[in-house]
Amino acid sequence: MNTKPARTRLAPSPTGRFHLANARNALYSYLVARQTGGQFILRIEDTDQSRFVPGAEEVIVRSLEWLGIAPDESPYRGGSHGPYRQTERRDIYQQYARELVEKGHAYPCFCTPERLQQMRKEQETRKVERVRYDGLCRQLEPGEAARRVTAGEKYTIRFKMPQDGSTTAHDHIRGDITVENQYLDDYVIVKSDGLPTYHLAAMVDDHEMKITHVLRSAEWLPTFPLHVQIIRAFGWDEPVWVHPSILLKPSGKGKMSKRDSAAAMQDGHSIFVDDLKGLGYTPEGVLNWIALMGWGVAEDDVMTLGQMTERFSIDNLTPSPAAINFQKLDHFNGTHIRLLTTEDLAGRIKPYLTGAGLEVQNETLLKVTPLIRERLVTLDDSLTFASFFFKESVEPEPQDLVAKGLDARQSAAIARNSLEILSPLPDVSHSVAEPPMREYVERSGFNAGQVFGILRAAVTGQKVSPPLFESMEIIGREKVLQRLKHAINILEGM
RNA sequence: GCCCCCAUCGUCUAGUGGACUAGGACGCAGCCCUUUCAAGGCUACGACCGGGGUUCGAAUCCCCGUGGGGGCACCA
């Protein structure tokens, strides 16, 4: 367990949607911050203006809030280490880039995109070991370079990678990762528009914002040595680096593609957090699900956020890629729904019901909720299990009113007998209505499944429903009798 | 092609040299409960990638294969 307050961050770019991997990094970062009494920070990495998607930032914030892991510092909440949007930190990067150039760790590069493209093409046709920058501008005299810069020539700034030896970087999950420097490139750290690339911006910001633990996707592993080199060039302390594993598509064959996402959506699932709510998932279920992709828990894996905060440790993260398993999401969602109090659950279900045009009375909803709770996988399942409680009348399929092994005439007779039994009763509560109906089953020679099946279809309008007598009690005598009469009419017309 | 990472049931994982007959969860199958569907309970099926070492002893450490994944931009 960490003892010093940790500062962690989530640094997404507002270029697309907020997906599972983002959410999982956010969760782990949040957990580390919480358990050490530190801060979790949201920083927007918007240096690539060509890929900027309007509204993406809002989706990120909304998703984090919905999950219940909102940041302590962010562009919206502010904080003492802002600004939290990289485009607003332009001058800071400029200053640090200049420092790198002055120290001889970086140099201006005047190569045009066209030249670079051609260079790569040539390298490929020559089948060179590795396609990379050829170092043309690295050779330039610093004075000459400075003259061209002041002359107004367009340029980028490249990091001067050591050409001999190797770089060892330490990942908390994987241990030391060593790469021969000759395989590393002179990466561009400031673009010709004056904005930094990730490599510079993230290192500068993590330092400036006093980040102690960097949790980021394993996709960064290949440039990890570069990042460490940049930090060493500045002479800064390194944070604890944690690279949680890549998330794979359900088949385990590669990352999720656009096509895979569409397929998941078809199936009532999604890898995008802002879809999950509409699909009926709870933050608790989603959180528990993503927490366990790459976090090894031996037993008792159903956890709330609070329990995760107590139990989480970056020591228990796994290095191997994990396939996304939506069945497990359903499982966790269902179990967390069952853990909710009746009031809480009712409140969460209501929007799905009213959203479907149903008129929902809170009093009734509170009675219905315990009946459907253990049947729900997603919150919108409440529609299939509870709609009939809130409808004036119900329209059963004629064939559903015919009991198994019987014909329409026999079924109609059972329905009529049931009506005769229920009509004189003061009410159709469970304790009042069930005994005489049980007695009828005994006496009639039909089995319970047949009799109650007809009654269920008549009263609920469907073959599958919550327990029959409990349901009738909530629906009430008048409506029950009404629906039963309606069913008799249908059966007699068959 | 080059570089990097990874390797236990179908999937997510526990396991840090002897307590492993390899544990849990999801899923799957069966049974119990039951007026339907669930939930719940019980049971079953199911894995240490291969080969070499190291060691009295290896799922665990090392090497080599093989397989899988990721990355090779003035994107993050």
Side-chain angles (χ1 to χ4, degrees), chain A residues 11-13 15-16 45-48 50-51 109 111-113 116-117 120 124 127-133 154-158 171 173-174 177-180 182-185 187-193 195-199 201-202 216-225 243 245-246 248 250-255 289 292-302 316 318-332 334-335 338 372-377 381 384-385 434 437-438 441 447-457 460 462-469:
Chain A
S13 55
T15 55
E45 310 231 325
D46 57 350
T47 54
D48 186 359
S50 65
R51 293 203 312 156
C109 172
C111 296
T112 61
L116 294 173
Q117 201 184 350
R120 277 186 208 106
E124 256 166 61
K127 291 206 158 78
V128 203
E129 267 208 336
R130 182 176 147 84
V131 178
R132 59 200 289 229
Y133 181 57
K154 264 200 154 197
Y155 68 99
T156 62
I157 295 176
R158 286 181 185 272
D171 169 61
I173 302 177
R174 281 159 262 262
I177 293 168
T178 301
V179 181
E180 298 295 320
Q182 56 163 320
Y183 292 120
L184 268 7
D185 214 335
Y187 287 87
V188 169
I189 56 175
V190 177
K191 297 177 279 185
S192 56
D193 64 1
L195 282 168
T197 59
Y198 173 90
H199 308 118
R216 35 125 78 160
S217 163
E219 278 141 354
W220 289 113
L221 249 23
T223 42
F224 187 18
H243 296 89
S245 63
I246 305 264
L248 269 23
S251 65
K253 303 261 174 239
K255 300 203 292 180
W289 178 51
L292 261 21
M293 297 188 213
W295 171 17
V297 173
E299 265 156 69
D300 300 322
D301 61 0
V302 175
N316 296 331
T318 51
S320 42
I324 294 168
N325 183 346
F326 289 112
Q327 286 179 319
K328 214 144 186 170
L329 168 60
D330 286 340
H331 164 256
F332 279 121
T335 44
R338 271 169 255 134
I372 65 171
R373 175 190 277 122
E374 62 265 28
R375 275 158 255 266
L376 304 179
V377 171
D381 284 344
T384 67
F385 285 111
E434 187 170 4
M437 283 305 298
R438 287 268 173 212
V441 169
N447 64 46
Q450 293 171 318
V451 175
F452 296 146
I454 293 168
L455 207 50
R456 177 188 314 282
T460 70
Q462 50 200 58
K463 286 171 83 168
V464 173
S465 82
L468 180 57
F469 289 100

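By convention in this document, chain letters (A, B, ...) are assigned in the order of the sequence lines, proteins followed by strands, and residues within each chain are numbered from 1.
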Atom [atom1] of [X] and atom [atom2] of [N]: how far apart are they, to the nearest Å?
{"X": "A/Leu221", "N": "B/C4", "atom1": "CG", "atom2": "P", "answer": "11 Å"}
{"X": "A/Leu248", "N": "B/G69", "atom1": "CG", "atom2": "C1'", "answer": "6 Å"}
{"X": "A/Leu329", "N": "B/C26", "atom1": "CG", "atom2": "C1'", "answer": "12 Å"}
{"X": "A/Phe326", "N": "B/G27", "atom1": "CZ", "atom2": "C1'", "answer": "15 Å"}
{"X": "A/Glu219", "N": "B/G71", "atom1": "CD", "atom2": "P", "answer": "5 Å"}
{"X": "A/Glu299", "N": "B/A14", "atom1": "CD", "atom2": "P", "answer": "13 Å"}
{"X": "A/Arg216", "N": "B/G70", "atom1": "CZ", "atom2": "P", "answer": "18 Å"}
{"X": "A/Tyr198", "N": "B/C74", "atom1": "OH", "atom2": "P", "answer": "17 Å"}

Counting side-chain heavy atoms from C-beta on, which of [options] comes nearest to [X]?
{"X": "A/Pro222", "options": "B/G71, B/C26, B/C5", "answer": "B/G71"}
{"X": "A/Ser465", "options": "B/C2, B/U36, B/C74", "answer": "B/U36"}
{"X": "A/Gln327", "options": "B/C74, B/G27, B/C37", "answer": "B/G27"}
{"X": "A/Lys328", "options": "B/C26, B/C74, B/G70", "answer": "B/C26"}
{"X": "A/Leu468", "options": "B/G70, B/U11, B/U35", "answer": "B/U35"}

Under a 3.5 Å limit for both distances, which nucleotide forms a Watson-Crick or G-U wobble pair with [N], could you say?
{"N": "B/A25", "answer": "B/U11"}
{"N": "B/C48", "answer": "none"}
{"N": "B/G40", "answer": "B/C32"}
{"N": "B/G67", "answer": "B/C6"}

Distance between [atom1] atoms of [N] and [M] (Å, rounded):
{"N": "B/G30", "M": "B/A44", "atom1": "C1'", "answer": "7 Å"}
{"N": "B/C2", "M": "B/C9", "atom1": "P", "answer": "29 Å"}
{"N": "B/A14", "M": "B/U55", "atom1": "C1'", "answer": "25 Å"}
{"N": "B/C3", "M": "B/A73", "atom1": "P", "answer": "16 Å"}
{"N": "B/A29", "M": "B/U21", "atom1": "C1'", "answer": "23 Å"}
{"N": "B/A22", "M": "B/G10", "atom1": "P", "answer": "15 Å"}
{"N": "B/U43", "M": "B/A7", "atom1": "P", "answer": "32 Å"}
{"N": "B/C61", "M": "B/C42", "atom1": "C1'", "answer": "41 Å"}

| message | I want to confirm an ordering. Mapping A/Ala11 and A/Met293 to their closest nucleotides on RNA chain B, which one lands closer to the 5' end? | response |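 Looking at the nearest nucleotide for each, A/Met293 comes out on the 5' side.
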Between A/Ala323 and A/Trp220, whichever has its closest RNA chain B nucleotide further toward 5' is A/Ala323
Sugar-phosphate, base or nothing in reach of [X], heavy atoms under 4.0 Å:
{"X": "A/Pro225", "value": "nothing"}
{"X": "A/Leu184", "value": "nothing"}
{"X": "A/Pro467", "value": "base"}
{"X": "A/Cys111", "value": "base"}
{"X": "A/Val297", "value": "sugar-phosphate"}
{"X": "A/Ser245", "value": "nothing"}
{"X": "A/Ser192", "value": "base"}
{"X": "A/Gly296", "value": "sugar-phosphate"}
{"X": "A/Gly294", "value": "sugar-phosphate"}
{"X": "A/Ala298", "value": "base"}
{"X": "A/Pro319", "value": "sugar-phosphate"}
{"X": "A/Phe469", "value": "base"}

Requested in this report: Assess whether one donor atom and one acceptor atom, taken from the side chain of A/Ser320 and the base of B/C6, lie less than 3.5 Å apart.
Outcome: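 No, the side chain and the base share no sub-3.5 Å donor-acceptor pair.
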Is [X] close enough to [N] that one of its side-chain N or O atoms is under 4.0 Å from OP1 or OP2 there?
{"X": "A/Lys463", "N": "B/U35", "value": "no"}
{"X": "A/Thr318", "N": "B/U13", "value": "yes"}
{"X": "A/Arg120", "N": "B/C74", "value": "yes"}
{"X": "A/Lys154", "N": "B/C74", "value": "no"}
{"X": "A/Lys191", "N": "B/A76", "value": "yes"}
{"X": "A/Arg456", "N": "B/C37", "value": "no"}
{"X": "A/Thr197", "N": "B/A73", "value": "no"}
{"X": "A/Arg338", "N": "B/G40", "value": "yes"}

- Measure up the A/Trp289 and A/Phe326 rings against each other and bin them: parallel (under 30°), tilted (30 to 60°), perpendicular (over 60°). tilted
Could you state the interatomic distance from [atom1] ([X]) to [atom2] ([Y]), rounded to the nearest 0.5 Å?
{"X": "A/Ser251", "Y": "A/Lys253", "atom1": "OG", "atom2": "NZ", "value": "7.0 Å"}
{"X": "A/Asp171", "Y": "A/Arg216", "atom1": "CG", "atom2": "CZ", "value": "9.5 Å"}
{"X": "A/Phe385", "Y": "A/Arg375", "atom1": "CZ", "atom2": "CZ", "value": "7.0 Å"}
{"X": "A/Thr384", "Y": "A/Ile372", "atom1": "OG1", "atom2": "CD1", "value": "8.5 Å"}
{"X": "A/Glu45", "Y": "A/Thr197", "atom1": "CD", "atom2": "OG1", "value": "10.5 Å"}

Would A/Tyr133 and A/Cys109 satisfy side chain to side chain contact (heavy atoms under 4.5 Å, CB included), going step by step from the backbone distance to the final call?
CA-CA 11 Å; A/Tyr133 181 57; A/Cys109 172; 3.3 Å; yes
query: Can A/Lys328 and A/Leu292 be said to form a side chain to side chain contact (heavy atoms under 4.5 Å, CB included), step by step?
result: CA-CA 10 Å; A/Lys328 214 144 186 170; A/Leu292 261 21; 5.9 Å; no
* Closest heavy-atom pair and its distance - A/Val131, A/Asp185 ->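 Taking every non-hydrogen atom into account, O-OD2, 4.4 Å.
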* **Full working for side chain to side chain contact (heavy atoms under 4.5 Å, CB included) between A/Gln327 and A/Asn325** => CA-CA 6 Å; A/Gln327 286 179 319; A/Asn325 183 346; 3.4 Å; yes
